[in-house]
Amino acid sequence: MNAFHYQDGQLYVENIAINQIAQNIPTPFYLYSQQGIAEHFTAFDDAAKKHLKKSLTCFAIKSNANPSILKLLARLGAGADIVSGGELLLALKAGIPAEKIVFSGVGKTREELTLAVERDIKQINVESEEEALMLDEIAISVGKKAKIALRINPDVDAHTHDKITTGKKENKFGVDWKKARSLYRLFATSKGLSPVGIDVHVGSQILEIEPFVEAFMRAAEIVRLLRADGIDISTIDVGGGLGVAYTPEDVALSAQTYMSAVGKILADLDCEIVFEPGRFLVASSGVLVSKVVRIKQTELKSFLVLDAGMNDLIRPAIYDAYHGIISVKEGKNDHTYDVVGPICESSDVFGKDRLLPAMKEGDLVVLQTAGAYGSAMGSNYNFRPLCAEVLVNNDQYAVVRNRQSFEDMLTLTSVAPWL
Ligand code: LLP
């Protein structure tokens, strides 16, 4: 089911008209469909279970850190892929048990590693020998063994945007796969580390199966070599990265196609397979609702100026990302606009030459496929408040994050006493 659809000339999310919500909540705001998220999680997780004996789907919290969404996913059985101490506390607070939490990232601090060891999380994905040595020392001082997986860098091109590719040799992520064997030998002799798994993640918004296949084959090869060395690896973390369709031309892989490839390459190793999907679970179930501030006509263009800006949704500005833009009131798409925000930067453009119905001040539009890396990457740039987030479930809705007030934005600041 498509959670967002027109009914009687109005755009609905599940069973509520968006203009009805916008009467009570100031725009811009993010709007999520609970049903949509649940359906995507279930499709992914069921496909995993169909192709693998043991699997765990750990939601990549970085893509959407709203506590209600985390709670929903926790209830459906999700674990969490975290990248900071804050995300660790958030995951635990949402009811995701420590034994379902994996910790990724190249720059985990001493404090964050200590917290992870103390909380006994499922696995820490170490990204360098240096990190492993620090973790060994921490685990010994805490009196525990840290369960680790080495994140290998398989030197695979994910054919995605340069800024979100992670598995090439020149990227900062993981350890050259050729060094894995000798590092695991080192881990096996350490006092504080328990090497339980291997980890690989080659990038995000991947639309082809080949990069995944290449990376998983590399991981499988290393697991076999390690077993020959007497090191028993019981989990393979295959990261996230499954892309979604943003443009009308994009064709995304289905969970079935992806899982069937995972199964073919990894099932016979008898390991638990850990997944870290973010975007695939939440992107298409979220939109950014925004109001037209004015239409600015120049010699060359009609600018549709919105009350949402790049501080609310930064993806177009930093990745040239495409987000569909549609009117909340259904109409004939016979007008061409450059859809822009109010921020004082030329990169604050959501879309060029977009077809929409004739628009006027106060009309509502939605920026589609904004459930992942939307609100999560919001900022206070131009001293604008972080906007509200609203969750819909059938015909009810709840504000699951309030819009910041002017006072909220000032809370942590103070004026130097000498001024
Ligand atoms: N695991 C690791 C280690 C990651 O670095 C990431 C994403 C994921 C899992 C989740 O990837 P996903 O399934 O969501 O593709 N801000 C960018 C995306 C950055 C992705 C960073 N890492 C964007 O808006 O496109």
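The structure presented is a predicted model; accordingly, all values stated were derived computationally and were not measured. What's counted below: heavy atoms across the whole structure, side chains too, no hydrogens, waters or symmetry copies. Just follow the structure's listing: the first ligand is 1, and inside any ligand the first atom is 1.
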**Q** Considering only residues two or more places apart or on different chains, which pairs with a residue in residues 172-182 satisfy side chain to side chain donor-acceptor pair (under 3.5 Å)?
**A**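 Output for this query lists Arg181-Asp229.
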
**Q** So for Tyr319, does at least one of its heavy atoms come nearer than 4.0 angstrom to any atom of ligand 1?
**A**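 Heavy atoms of Tyr319 do come under 4.0 Å of ligand 1.
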
**Q** Polar contacts were defined as any N/O atom of the residue lying under 3.5 Å from an N/O atom of the ligand; does this apply to Ser204 and ligand 1?
**A**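 By distance alone, the answer is yes.
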
**Q** Hey, does the side chain of Asn15 reach the backbone of Asn394 with a donor-acceptor pair shorter than 3.5 angstrom?
**A**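 No, Asn15 side chain to Asn394 backbone: no donor-acceptor pair under 3.5 Å.
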
**Q** How does Arg315 reach ligand 1, if at all, at less than 4.0 Å between non-hydrogen atoms: by side chain, backbone, both, or neither?
**A**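 Answer for Arg315: side chain.
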
**Q** May I ask whether Ala372 places a heavy atom under 4.0 Å from ligand 1?
**A**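 The answer is no: ligand 1 sits nowhere under 4.0 Å from a heavy atom of Ala372.
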
**Q** Which atoms of ligand 1 sit under 4.0 Å from any heavy atom of Glu276?
**A**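 Under 4.0 Å from Glu276, ligand 1 has these atoms: 1 (N), 2 (C), 3 (C), 8 (C), 9 (C), 10 (C), 13 (O).
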
**Q** Using a strict 4.0 Å cut-off to heavy atoms of Asp81, name the atoms of ligand 1 that fall inside it.
**A**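 Result: 1 (N), 2 (C), 9 (C).
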
**Q** Given ring pair (Phe, Tyr, Trp, His ring centres under 6.0 Å), test Tyr184 with Phe187 step by step and report yes or no.
**A** CA-CA 5 Å; Tyr184 273 95; Phe187 299 158; 5.5 Å; yes

**Q** To the nearest 0.5 Å, what is the distance between CD1 (Ile318) and CD1 (Ile314)?
**A**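 That separation rounds to 4.5 Å.
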
**Q** Report yes or no: does Glu112 contribute a side-chain atom to a donor-acceptor pair with the main-chain N or O of Val83 at less than 3.5 Å?
**A**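 Side chain of Glu112 to backbone of Val83: no pair is present.
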
**Q** Mind checking whether Ser63 has an N or O less than 3.5 Å away from an N or O of ligand 1?
**A**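 N/O-N/O distance below 3.5 Å does not exist for this pair.
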
**Q** Mind telling me whether Tyr337 and His335 have parallel, tilted or perpendicular rings, with 30° and 60° as the class edges?
**A**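 Answer is parallel, since the angle falls under 30°.
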
**Q** For residues 88-107, please give each side-chain donor-acceptor pair under 3.5 Å, one per line with the distance, not counting sequence neighbours.
**A**
residue, atom, partner, partner atom, Å
Lys100, NZ, Gly77, O, 3.0
Ser104, OG, Asp81, OD1, 2.9
Ser104, OG, Asn125, ND2, 3.4

**Q** I'd like to check which ligand 1 atoms, numbered from 1 as shown, lie under 4.0 Å from a non-hydrogen atom of Arg279.
**A**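 This gives 12 (P), 13 (O), 14 (O), 18 (C), 23 (C), 25 (O) as the contact atoms.
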
**Q** Does a donor on one side chain sit under 3.5 Å from an acceptor on the other, for Gln123 and Thr235?
**A**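 Distance-only check passes for Gln123 and Thr235.
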
**Q** Can you sort out which atoms of ligand 1 are near Gly278, meaning under 4.0 Å from one of its heavy atoms?
**A**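 Those atoms are 12 (P), 13 (O), 14 (O).
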
**Q** What atoms of ligand 1 come closer than 4.0 angstrom to any heavy atom of Pro277?
**A**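 Atoms satisfying the 4.0 Å criterion: 13 (O).
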
**Q** Give a yes or no on whether the backbone of Ser379 and the side-chain of Asn311 come within a donor-acceptor separation of less than 3.5 Å.
**A**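 Checking the backbone N and O of Ser379 against the side chain of Asn311, a donor-acceptor pair under 3.5 Å is found.
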
**Q** I need the atoms of ligand 1 closer than 4.0 Å to a non-hydrogen atom of Ala60, numbered in the order shown.
**A**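 Near Ala60, the atoms of ligand 1 are 10 (C).
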
**Q** With respect to Gly241, determine whether any N or O atom, backbone or side chain, lies less than 3.5 Å from an N or O atom of ligand 1.
**A**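 Among all N and O atoms of Gly241, at least one is under 3.5 Å from an N or O of ligand 1.
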
**Q** Output the list of atoms in ligand 1 that are nearer than 4.0 Å to some heavy atom of Arg151, sorted by atom number.
**A**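 The atoms of ligand 1 under 4.0 Å from a heavy atom of Arg151 are 3 (C).
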
